[in-house]
K.L.:
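Sharing a structure below in structure tokens format, with a few things to ask.
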Protein chains: 2
Amino acid sequence: MGNKELRISPSVIRRLPVYLRLVQELKELSIATISSQEMGDRLDLNPAQIRKDLASFGEFGRKGVGYNVAYLDWKLRQILNLDRQINVALIGAGHLGIALSNYARFQSERIKITAVFDRDPQKIGQKVGSLTVADAQDLPLYRQKYNLQMGIIAVPASAAQEVCDELVAAGIKVILNFAPANLRIPKGVHLRNTDVTTELQALAYYLENE
Amino acid sequence: MGNKELRISPSVIRRLPVYLRLVQELKELSIATISSQEMGDRLDLNPAQIRKDLASFGEFGRKGVGYNVAYLDWKLRQILNLDRQINVALIGAGHLGIALSNYARFQSERIKITAVFDRDPQKIGQKVGSLTVADAQDLPLYRQKYNLQMGIIAVPASAAQEVCDELVAAGIKVILNFAPANLRIPKGVHLRNTDVTTELQALAYYLENE
DNA sequence: TAGATTGTTAATCGATTAACAATC
DNA sequence: TAGATTGTTAATCGATTAACAATC
């Protein structure tokens, strides 16, 4: 691509996969064209926001007509780097790790968990789907060999910072963390946290308190 | 509690569990008092934001001193309704569901997965940890019997809307959805989506594109 | 007391939404 | 063409941060 346009805000980026998902549904319904109005209706978003989000990546709607679904699909994948395979390192072969490797595999073919690591000698050598659990120490080796570009941390909170540091040291700059821990990362690394406990605790606020 | 204070914004609510997590760590370190400055350092947040967040729930810092860790712990739990047991219905006994029931159980004792449901006759009757998978049809029954207050949707996207409707029909108003689907909910229901695929796709944007 | 830190107001920053000219 | 819908500017709304008086 080359010129990364004027720093797009994370809020915008996080909506793009949602648009992409809708586009898949539209394709299945053989809908060829869609307006921001209709997209907004389906996603419960403001149409102006959708237009603005998309327009940050160039003009690709047709005035009076709307967006071409096939092109939108192509464009969104291009923006999100989903036009090529992305190799993911999964660290942690516990219940969560195994579920993730199953789950993620199904969903999106271009993002592939290519290697699974653990530190527990009991787990190293075991099979997780078609992958063999490797020693977390060998991360840098695998990093190169398999061109690992993303990391998923699925270890207990107590080990998360160490694993994170190892990922960064191995040159992985994009990390999804499932451990309930406040991880420290250097500049230039992208970290996203997603933790069930935190989500549930926040949701608990909305319970009717009798 | 009674008077829910002047509508607190979701951004504030979502930070509270993070504060709570820090407070647990402080307790383990036998730290009795902490300033917003120190909290901000540890969490990489602006101290003013932390003070403002906490102040929305009353004055409980001491000027010139900071916050009492034990009281902060108590107060945060009270705000988040974590001062009593919360019974959670888990719908979907696949890999993800099983991982969640294992995972969540560990983390936080007051939020308990109390019942697991599925629609697949193969799965109904099977054990998930100490729980027996029930028929999703019987949700309303269990809802009453076990005072289920929250729902977790861990079914495939194709079934998610139906399950969501069933949860709502059974009177469950707080839902955490793991399926990659844009669910429709009526007013008064709180839904939070957390979907690995969406997260990974958004993160993919930040890969260096060579 | 003097130093530290809260609670809160005001200032800033960023994100969402409304409005509309351009144009398909 | 007339109606529809984009792309974009301006207006609004909300969230974050700075600053500081109050006070422990």
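In what follows, chains are A, B, ... by sequence order, proteins preceding strands, each numbered from 1. Below, each value reflects all heavy atoms present in this structure, side chains not excepted, and no hydrogens, waters or symmetry copies.
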K.L.:
Answer yes or no: are there more than 12 heavy-atom neighbours, outside B:H190 itself, under 6.0 Å from its atom NE2?
P.N.:
yes
K.L.:
In dot-bracket, 5' to 3', how would DNA chain D read with Watson-Crick or G-U wobble pairs under 3.5 Å, [ ] for crossing ones and | for pairs to another strand?
P.N.:
..||||||||||||||||||||||
K.L.:
Looking at D:dA15, C:dT16, D:dT6, which one has an atom nearest to any side-chain atom of B:S11?
P.N.:
D:dA15
K.L.:
From the set C:dA18, D:dT16, C:dT5, return the single nucleotide nearest to any side-chain atom of B:S35.
P.N.:
C:dT5
K.L.:
Do the side-chain N or O atoms of B:R51 get closer than 4.0 angstrom to the phosphate oxygens (OP1, OP2) of C:dG7?
P.N.:
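Result: no.
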K.L.:
So which nucleotide from D:dC20, C:dA19, D:dC24 ends up closest to the side chain of B:R62?
P.N.:
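Of the candidates, D:dC24 comes closest.
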K.L.:
Within the structure, does a side-chain N or O atom of A:S36 lie under 4.0 Å from either OP1 or OP2 of D:dT5?
P.N.:
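The answer is no; no side-chain N or O of A:S36 sits under 4.0 Å from OP1 or OP2.
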K.L.:
Using 4.0 Å as the upper bound for N to carboxylate O, is an ion pair formed by A:R184 and B:D44?
P.N.:
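Here B:D44 pairs with A:R184 in a salt bridge, since their nearest N and O are under 4.0 Å apart.
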K.L.:
To the side chain of B:K52, which of C:dT16, C:dA15, D:dT17 is closest?
P.N.:
D:dT17
K.L.:
Taking DNA chain D as the partner, which of residues 16-27 of chain B come within under 4.0 angstrom of it by heavy atom?
P.N.:
none
K.L.:
I need the CD-P distance between B:Q49 and C:dC13, as an integer number of Å.
P.N.:
16 Å
K.L.:
Please tell me whether B:N81 and A:Y206 have a donor and an acceptor in their side chains that are separated by less than 3.5 angstrom.
P.N.:
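There is no such pair (donor and acceptor under 3.5 Å, judged by atom type) between the side chains of B:N81 and A:Y206.
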K.L.:
Quick check on DNA chain D: between A:E59 and B:L45, whose nearest nucleotide comes earlier from the 5' end?
P.N.:
A:E59
K.L.:
For A:N182 and B:R21, does a side-chain donor sit closer than 3.5 Å to a side-chain acceptor?
P.N.:
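There is such a pair between these side chains.
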K.L.:
Less than 3.5 Å apart, any donor N or O on the side chain of B:Q49 or B:D53 sitting next to an acceptor on the other?
P.N.:
no
K.L.:
Rounded at 0.5 Å granularity, tell me how far OH in A:Y67 sits from OG in A:S35.
P.N.:
9.0 Å
K.L.:
Please state whether the phosphate of D:dA4, meaning OP1 or OP2, lies under 4.0 angstrom from any side-chain nitrogen or oxygen of A:Y67.
P.N.:
no
K.L.:
What's the CZ-P distance between A:R7 and C:dG14, to the nearest Å?
P.N.:
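Whole-Å distance recorded here is 13 Å.
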K.L.:
Nearest whole Å is fine: how far is C:dT5 C1' from B:L54 CG?
P.N.:
13 Å
K.L.:
Between B:A48 and A:N46, which residue's closest nucleotide on DNA chain C lies nearer the 5′ terminus?
P.N.:
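It is B:A48 whose nearest nucleotide is closer to the 5' end.
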K.L.:
What is the distance, rounded to the nearest whole Å, between atom CD1 of A:I34 and atom C1' of D:dA4?
P.N.:
15 Å
K.L.:
Going from OG1 on B:T33 to CD on B:E38, what distance comes out if it is rounded to the nearest 0.5 angstrom?
P.N.:
11.5 Å
K.L.:
Do the side chains of B:R119 and B:E162 get close enough for a salt bridge, i.e. N-O under 4.0 angstrom?
P.N.:
yes
K.L.:
If you find the nucleotide of DNA chain C closest to B:Q37 and the one closest to A:R15, which residue's nucleotide is nearer the 5' end?
P.N.:
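Nearest nucleotide further toward 5': that of B:Q37.
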K.L.:
Applying side chain to side chain contact (heavy atoms under 4.5 Å, CB included) to A:M150 and B:L207, what does each step give before you reach the verdict?
P.N.:
CA-CA 8 Å; A:M150 271 200 203; B:L207 293 172; 4.1 Å; yes
